[in-house]
Amino acid sequence: MRNLTITRTKSFVACLGKMKVYIEDHTAAETTIGDVPCRKLGDLKNGETKTFSIGEEEAKVFVIADQLSKNFCNEFYKIPAGENDVFLSGKNRYNPASGNAFRFDGVTDEEVLKNRKKGTKKGLIILIIAAIVGFIIGFAATMDWDDLFASGEPETFSYLNMEITLNDRFDQTSDTDYNVCFDGGEVAVFVLRESYTSLAEFGELTLTDYAEQVMENAEIDVTLQEKDGLTYCEYTLESDGDELYYVTVFYECDDAFWLFDFVTYADEKNNYSQSFMDWAKSVKFQ
């Protein structure tokens with residue numbers, strides 16, 4: 001036997017969630033991840049280091065968020081056969097399409113990189129399908145098809161002490177990686193709340209500090225902008241040949257930082273960029 005030590009570097013992303021650590025095991029499997037039979041080694045909290053006892057044979061070690069998302073929100077590392085102890089590190093990276101998955105540091109293995117890309121594609125497809133299904137269910141029965149492309153009537157949605165004014169084509173839904181979501185067919189708004197209490201170990205943060213740290217952790221090279229009272233950045237992410245256009249807006253209130261992802265297809269940017277800003281300006285905290 002030998003020891004496997006994994007350090008989960010402290011990160012704002014998914015800071016409240018426990019990651020689950022599994023190892024390849026063809027004799028005592030508890031679940032299957034990417035067609036690989038695995039058994040659980042334990043959980044890993046944000047900023048925690050844990051040591052697990054493993055065998056000396058070659059095996060893949062997986063880190064997942066939960067059973068529901070394990071087939072697209074996962075990361076693995078191939079541990080070679082041997083007697084020497086193994087030391088690994090990594091952290092959760094901001095990327096809604098991959099479920100803000102955990103990523104091991106210093107990975108160059110093509111199989112692992114291919115798995116990351118595959119997982120991101122799957123996650124993005126799930127997000128898009130969820131938005132489309134929500135649109136169909138919410139509006140098919142009452143839709144005036146002659147008015148399909150007309151703008152909807154303003155409608156205000158709320159979550160905890162937050163309010164946002166979108167339009168009546170949106171449905172309020174839930175998502176495992178966000179506090180609340182709003183599906184509007186070809187557009188969506190994803191909302192994440194992080195309380196100051198949960199971020200206390202990071203010290204005193206300004207809104208700009210928080211925003212810069214989030215984008216740095218996400219490894220998205222963008223310039224933070226401040227305009228009309230908003231702190232935000234805009235960028236595109238490519239997946240499976242399609243580009244998505246994002247406007248990520250950051251807020252702070254008495255007890256928390258908030259992150260809003262306004263998302264649509266890149267070729268719809270001109271149709272929605274102004275709406276994204278208008279919707280962002282409508283956000284209020286009681």
Side-chain angles (χ1 to χ4, degrees), residues 1-127 130 174-179 192 194 198 201 217-218:
M1 301 297 287
R2 54 180 169 163
N3 291 326
L4 166 64
T5 300
I6 303 178
T7 297
R8 180 184 171 190
T9 304
K10 188 174 294 184
S11 169
F12 291 106
V13 181
C15 63
L16 300 182
K18 293 181 181 179
M19 295 296 107
K20 282 72 174 174
V21 182
Y22 285 80
I23 194 163
E24 182 177 357
D25 192 323
H26 293 264
T27 61
E30 301 171 6
T31 190
T32 300
I33 305 173
D35 297 326
V36 179
C38 299
R39 63 177 171 85
K40 188 176 181 180
L41 293 178
D43 296 326
L44 202 57
K45 297 179 182 178
N46 193 31
E48 186 175 34
T49 297
K50 270 193 176 180
T51 299
F52 309 99
S53 180
I54 64 172
E56 297 177 359
E57 68 279 2
E58 178 181 304
K60 292 180 179 179
V61 58
F62 288 84
V63 179
I64 66 173
D66 53 49
Q67 290 293 321
L68 292 176
S69 62
K70 66 180 181 179
N71 287 324
F72 71 91
C73 180
N74 70 64
E75 172 80 336
F76 73 85
Y77 190 96
K78 290 191 290 186
I79 299 176
E83 300 178 355
N84 295 332
D85 292 339
V86 179
F87 299 88
L88 302 175
S89 64
K91 64 182 178 181
N92 289 76
R93 305 277 185 178
Y94 175 75
N95 185 345
S98 69
N100 297 325
F102 178 92
R103 300 303 189 203
F104 285 112
D105 295 330
V107 172
T108 58
D109 189 315
E110 285 297 328
E111 185 180 356
V112 177
L113 298 178
K114 183 177 179 181
N115 179 67
R116 290 181 180 180
K117 186 175 182 180
K118 181 179 179 182
T120 298
K121 289 180 180 179
K122 285 185 177 180
L124 185 57
I125 290 171
I126 290 172
L127 289 177
S174 60
D175 185 279
T176 57
D177 299 310
Y178 293 86
N179 294 95
L192 177 67
E194 296 197 90
S198 68
E201 296 183 15
N217 289 341

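From a predicted model like this one, the values you see are computed outputs, not experimental measurements. Scope of the values below: all heavy atoms of this structure, side chains included, with no hydrogens, waters or symmetry mates.
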Answer yes or no: is there a side-chain heavy-atom contact under 4.5 Å between [X] and [Y]?
X: Lys50; Y: Val21; answer: no
X: Ile79; Y: Leu4; answer: yes
X: Ile54; Y: Leu41; answer: yes
X: Asp85; Y: Thr5; answer: no
X: Arg8; Y: Asn92; answer: yes
X: Thr27; Y: Asp25; answer: yes

Nearest 0.5 Å, what's the [atom1]-[atom2] distance between [X] and [Y]?
X: Ser69; Y: Asn74; atom1: OG; atom2: CG; result: 8.5 Å
X: Asp105; Y: Leu88; atom1: CG; atom2: CG; result: 9.0 Å
X: Phe87; Y: Thr49; atom1: CZ; atom2: OG1; result: 10.5 Å
X: Met19; Y: Leu44; atom1: CE; atom2: CG; result: 8.5 Å
X: Ile23; Y: Ile33; atom1: CD1; atom2: CD1; result: 11.0 Å

Pairing donors with acceptors under 3.5 angstrom, does anything connect the side chains of Asn3 and Thr51?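 No, no side-chain donor-acceptor contact under 3.5 Å.
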Is the side chain of [X] donor-acceptor paired with the backbone N or O of [Y] at a distance under 3.5 Å, no angle test?
X: Glu24; Y: Ala59; result: no
X: Lys70; Y: Thr32; result: yes
X: Arg2; Y: Val86; result: no
X: Lys78; Y: Phe76; result: no

Parallel, tilted or perpendicular: which one describes the rings of Phe104 and Tyr77, with boundaries at 30° and 60°?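 Perpendicular, since the angle between the ring planes exceeds 60°.
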Looking at Glu75 and Arg93, does any basic side-chain N land under 4.0 Å from a carboxylate oxygen?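 Answer for the salt bridge query: no.
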